[in-house]
Every structure is written in structure tokens, then in C-alpha cells.
Amino acid sequence: MILPQFSIAGFPDAQPVEGLIGGLLIGLAGAIMLLGNGRIAGISGLTARTLGLTKGTPWPIAATFVLGLVVGAGLFLGIVGPIEATFAPGWGWLIAGGLITGIGTRLGSGCTSGHGVCGMSRLSPRSLAATATFIAFGVITVTVVNLLGGGW
């Protein structure tokens, strides 16, 4: 690992430098998408558009954005090395969480990137409500999983 390592009290697995770099890159990508194309960079919407599930953003733009996510992650992996990630509750919880998140992003007309990054930075009331909902249900989900013995 070439990045400096810091620890955060109470969060032994946190990787704040990697998180900061990732956040900056997400913000940069969102700004480029908005300033260059006049579109909000919502990953779930762009992925749905790439898969032909929705209309809106021109397909080449959506596909390039999604491909850029994969290539960027690959470049980061090649330069920095693997980021240690564990899923203590297990793959079943991870898959169920992903499916529920996907359904939620479709119901909420956006995901954490669209509402949480782009919408919040634009002070969109809809995005403020959506992000508050994401956070509330994240807290509820972790609480329920812990009560069921999930081990988060």
C-alpha cells in the first residue's frame, strides 16, 4: 500500500485516505457530468440506462460513465493495491442488501450518488429527503441485522 494509513477511534477498519480519494473522484465525475453534459451523475440511473432498462441520458454517455467506474477501480487496484474489505454478516446479507438497495433506488428515482452527491450539492429538497431516508434506513438495517446476530 503506497498511501499513508490513519486510524479513526472507534472505527478500526476505516480507511479514511482511500475514502477521501474516492469521494473526491466521485465529486469530480459528478461535476464533469453536470458541467459537460448537463446531467446528474446517478450511478443507478446510468447503469439502468446502460442496460437498456431506462431512457434519458444518451446510451454512449451512460455506458462510458459506467465503464469509467470499472476502469477507474481497476487502475486504483493496480496503483494502490487491494483494499481490505470484509462482509461480516455473509454473502446472503450482502446480496439481499444489494437487491433491496436496487429496488430502493428505483423507487426513490436515484441513489446515493445522484441524490447524496449531486443533489445535496445542489441543495435539492428531494435529494435532501432521499438522503435522509437512505441514512435512516441504513441505521435501521444495521440495528436489525445486529439484533438478528449479523455481527456488524
Could you measure the distance from the [atom1] atom of [X] to the [atom2] atom of [Y]? Nearest 0.5 Å is fine.
{"X": "His115", "Y": "Ser44", "atom1": "NE2", "atom2": "OG", "result": "8.0 Å"}
{"X": "Leu147", "Y": "Thr143", "atom1": "CG", "atom2": "OG1", "result": "6.5 Å"}
{"X": "Thr64", "Y": "Asn37", "atom1": "OG1", "atom2": "CG", "result": "9.5 Å"}
{"X": "Ile43", "Y": "Leu69", "atom1": "CD1", "atom2": "CG", "result": "4.5 Å"}
{"X": "Phe134", "Y": "Thr105", "atom1": "CZ", "atom2": "OG1", "result": "7.5 Å"}

Those residues that, when tested against [X], pass side chain to side chain contact (heavy atoms under 4.5 Å, CB included) (two or more places apart):
{"X": "Leu25", "result": "Ile21"}
{"X": "Ile8", "result": "Phe11, Ala14, Pro16"}
{"X": "Ala29", "result": "Phe65"}

- Message: Ignoring hydrogens, what is the shortest heavy-atom contact between Arg126 and Ser109? Give both atom names and the distance.
- Response: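 Closest pair (atom of Arg126, atom of Ser109, distance): NH1-CB, 3.8 Å.
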- Query: Considering all heavy atoms of both residues, which atom of Ser127 and which atom of Gly119 are nearest to each other, and what is their separation?
  - Reply: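 In this case the closest contact between Ser127 and Gly119 is OG-CA, 3.2 Å.
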Do [X] and [Y] belong together in a cluster built from hydrophobic side chains that touch within less than 4.5 Å?
{"X": "Leu148", "Y": "Val145", "result": "yes"}
{"X": "Val117", "Y": "Met120", "result": "no"}
{"X": "Val17", "Y": "Phe76", "result": "yes"}

Report yes if some heavy atom in the side chain of [X] is under 4.5 Å from a heavy atom in the side chain of [Y]; otherwise report no.
{"X": "Arg39", "Y": "Leu46", "value": "no"}
{"X": "Cys118", "Y": "Leu34", "value": "no"}
{"X": "Thr57", "Y": "Met33", "value": "yes"}

- Just by modelled atom types, is the Thr50 backbone N or O under 3.5 Å from a matching donor or acceptor in the Trp59 side chain?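 Judged by distance alone, yes, a pair lies under 3.5 Å.
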